[in-house]
Participant: 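Structure incoming, see below.
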There are 2 protein chains.
Amino acid sequence: MTARTHARTDRTSKAHLRLWLRLLKVNRSVEAELRERLRLEFGTTLPRFDVMSALYRNPKGMKMSELSRMLMVSNGNVTGIVDRLTEDGFMLREAVPGDRRAARVRLTQRGIAEFERQAAAHETWVSELLGGLGPEDTQRLADDLGTALTLPNAERDDA
Amino acid sequence: MTARTHARTDRTSKAHLRLWLRLLKVNRSVEAELRERLRLEFGTTLPRFDVMSALYRNPKGMKMSELSRMLMVSNGNVTGIVDRLTEDGFMLREAVPGDRRAARVRLTQRGIAEFERQAAAHETWVSELLGGLGPEDTQRLADDLGTALTLPNAERDDA
DNA sequence: GCTTAAAATTTCAGACTTGAAATATTCCAG
DNA sequence: CTGGAATATTTCAAGTCTGAAATTTTAAGC
């Protein structure tokens, strides 16, 4: 390791750090705004929206563990959110035929209808909040972010 | 509004949405990994690290409301985190001379020393996690993200 | 001086989140 | 078929987070 190598490494890690802080700020700003609007317009929260979104894309339902893995949150966390959404009549737990341990969760008709209203507004809001980026920059950013992660977390679920 | 305009608008908002989902995934992956490592290596959490980081950059201390604004979290949230960090001897509350409502919070010597250890590891980790990006991509991404937000949240605090 | 609005902070209830422990069930080697 | 590892989920304690209400102090107008 020469002094020159150290300098280059250090500069790169500083750049990575700067990028991370930017990313964090954009993320927090957008999330804060989305949270506020979901609360005011639909009386719901971001985690609830996320769960409903995952189930909307999987009409046949998902096991709790699948939900947990896709959303990258803990098992216990999903339990509580699904509990509350179930109380509200937006989803329900079904038994899995071959396995009495597992439960399959899916949206009710009411849940589907409600989510469609929310999703339409959500897409508009996101586009508004990221409005500073034209189509080309947006495309390029999305692509670059796809290659950003070193971890083996890049699953093919965003086709 | 012609059909053509609608199509272009729709395509752009879909691209924004795709970007937002990518950003969310990168953010969650990196945060999950950083949280895990902070817990295992230092027995601390991301929110605690964030508060200490803000105070490290402001050695003279910050008011609770300044902390809250900079970190984009609620006032009540900061209160609890500062309480616990104070119990641990990493920071302390001082009276503000001219204003008996306000309190200034700053790191203790022990807090400074502890944060410096954490920050060094943190920078290494972030760079490792974003290792898929070379210096040029990193720079460009950071710049693009800086122009992403439409909201008036882009303060000049990341020099 | 008095009153009232504004500002700084804390408190609070409720939701979200984690990691670990507890439960229940399935799978499998012997 | 039986004991134990593995899997699916829930429960739990503790911390994080929010938005609103309460508290305390300051500032401003009259």
Participant: Taking CZ from B:R35 and P from D:dG15, how many angstroms apart are they, rounded to a whole number?
Facilitator: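 About 16 Å, once rounded to whole Å.
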
Participant: Please list, chain by chain and in numerical order, all residues satisfying salt bridge (charged side-chain N to carboxylate O under 4.0 Å, His left out) with B:E123, sequence neighbours excluded.
Facilitator: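 For B:E123 the salt bridge (charged side-chain N to carboxylate O under 4.0 Å, His left out) partners, ignoring immediate neighbours, are A:K14.
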
Participant: Using a cut-off of strictly less than 4.0 Å, decide whether B:R100 has a side-chain nitrogen or oxygen near OP1 or OP2 of D:dA27.
Facilitator: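 So the side-chain polar atoms of B:R100 never come under 4.0 Å of the phosphate oxygens OP1 or OP2 of D:dA27.
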
Participant: Among residues at least two apart in sequence or on other chains, which ones pass side-chain contact (heavy atoms from CB on, under 4.5 Å) with B:A121?
Facilitator: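 So B:A121 forms a side-chain contact (heavy atoms from CB on, under 4.5 Å) with B:F42, B:W125.
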
Participant: Any protein N or O atoms within reach of nucleotides 4-8 of chain D? Criterion: under 3.5 Å, listing atom names and distances.
Facilitator:
{"unit_1": "D:dT7", "atom_1": "O4'", "unit_2": "A:R101", "atom_2": "NH1", "d": "3.4"}
{"unit_1": "D:dT7", "atom_1": "O2", "unit_2": "A:R101", "atom_2": "NH1", "d": "2.6"}
{"unit_1": "D:dA8", "atom_1": "OP1", "unit_2": "A:K63", "atom_2": "NZ", "d": "3.3"}

Participant: Need one value for B:R93: base, sugar-phosphate or nothing, where a base atom within 4.0 Å counts as base even if backbone is also close, heavy atoms only.
Facilitator: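 B:R93: backbone/sugar contact only, no base atoms under 4.0 Å.
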
Participant: Distance check needed: D:dT16 P versus B:R48 CZ, whole Å only.
Facilitator: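 Those two atoms, CZ and P, are 7 Å apart.
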
Participant: When the distance from CZ of B:R39 to P of D:dT16 is rounded to whole Å, what number comes out?
Facilitator: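 It works out to 14 Å between those atoms.
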
Participant: Filter on side-chain hydrogen bond (donor to acceptor under 3.5 Å, both in side chains), then keep only pairs touching residues 59-68 of chain B, sequence neighbours left out; what's left?
Facilitator: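 Every side-chain hydrogen bond (donor to acceptor under 3.5 Å, both in side chains) pair that includes a residue of residues 59-68 of chain B, provided the two are not neighbours, is B:S68-B:N75.
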
Participant: How close do A:L24 and B:E31 get, heavy atom to heavy atom, and via which atoms?
Facilitator: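 Heavy atoms only, the tightest pair is CD1-OE2, 3.4 Å.
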
Participant: With DNA chain D as reference, determine whether A:M62 or B:G98 sits nearer its 5' end, using the nearest nucleotide of each.
Facilitator: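 Result: A:M62.
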
Participant: Just to be sure I understand the rule, does B:E31 reach a base, reach only the sugar-phosphate, or reach nothing, if contact means heavy atoms closer than 4.0 Å?
Facilitator: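 If one applies the 4.0 Å heavy-atom cut-off, B:E31 turns out to touch nothing in the nucleic acid.
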
Participant: Could you give the angle between the helix axes at the two ends of the helix from C:dG1-D:dC30 to C:dG30-D:dC1, with five pairs per end, rounded to 10 degrees?
Facilitator: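 Between the first-five-pair axis and the last-five-pair axis there is 10°.
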
Participant: Residues in salt bridge (charged side-chain N to carboxylate O under 4.0 Å, His left out) with A:R39, at least two apart?
Facilitator: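 Partners of A:R39 under the salt bridge (charged side-chain N to carboxylate O under 4.0 Å, His left out) test: A:E36.
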
Participant: For B:R104, what residues pass the salt bridge (charged side-chain N to carboxylate O under 4.0 Å, His left out) criterion, not counting sequence neighbours?
Facilitator: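 Salt bridge (charged side-chain N to carboxylate O under 4.0 Å, His left out) list for B:R104, sorted by chain: empty.
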
Participant: Do A:K25 and A:R22 come within less than 4.5 Å of each other through their side chains, counting heavy atoms only?
Facilitator: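 SC-SC contact between A:K25 and A:R22 ruled out.
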
Participant: Which residues satisfy the ring pair (Phe, Tyr, Trp, His ring centres under 6.0 Å) test with A:F90, sequence neighbours excluded?
Facilitator: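 Ring pair (Phe, Tyr, Trp, His ring centres under 6.0 Å) check on A:F90 returns nothing, list empty.
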
Participant: Quick one: which residue pairs count as a salt bridge (Lys or Arg N to Asp or Glu O under 4.0 Å) with a foot in residues 75-85 of chain B, not counting sequence neighbours?
Facilitator: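 Checked against salt bridge (Lys or Arg N to Asp or Glu O under 4.0 Å) - neighbours excluded - the pairs reaching residues 75-85 of chain B are B:D83-B:R93.
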
Participant: Please determine whether a side-chain nitrogen of the Lys or Arg among A:E136 and A:R140 lies less than 4.0 Å from a carboxylate oxygen of the Asp or Glu.
Facilitator: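 No, this pair does not count.
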
Participant: Base, sugar-phosphate alone, or nothing: which one does A:S68 contact when heavy atoms must sit under 4.0 Å apart?
Facilitator: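 Nothing, no nucleic acid heavy atom in range.
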
Participant: With side chains defined as the heavy atoms from C-beta onward, is the minimum distance between A:R37 and A:E128 less than 4.5 Å?
Facilitator: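 Side chain of A:R37 against side chain of A:E128, heavy atoms only: contact under 4.5 Å found.
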
Participant: Of all nucleotides in DNA chain C that come within under 4.0 Å of a heavy atom of chain A, which is furthest toward the 5' end and which toward the 3' end?
Facilitator: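 Span of nucleotides near chain A: C:dA15 to C:dT26.
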
Participant: In the structure I gave you, are the side-chain heavy atoms of B:V82 and B:L67 within less than 4.5 Å of one another anywhere?
Facilitator: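 Heavy-atom side-chain distance check passes, below 4.5 Å.
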
Participant: Contact list please: residues 76-88 of chain A against DNA chain C, heavy atoms, distance less than 4.0 Å, in numerical order.
Facilitator: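 Contacts with DNA chain C under 4.0 Å: A:G76, A:N77, A:I81, A:R84.
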
Participant: Under the side-chain contact (heavy atoms from CB on, under 4.5 Å) test, which residues partner A:T147, sequence neighbours left out?
Facilitator: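 Counting only residues at least two positions away or on another chain, A:T147 forms a side-chain contact (heavy atoms from CB on, under 4.5 Å) with B:L133.
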
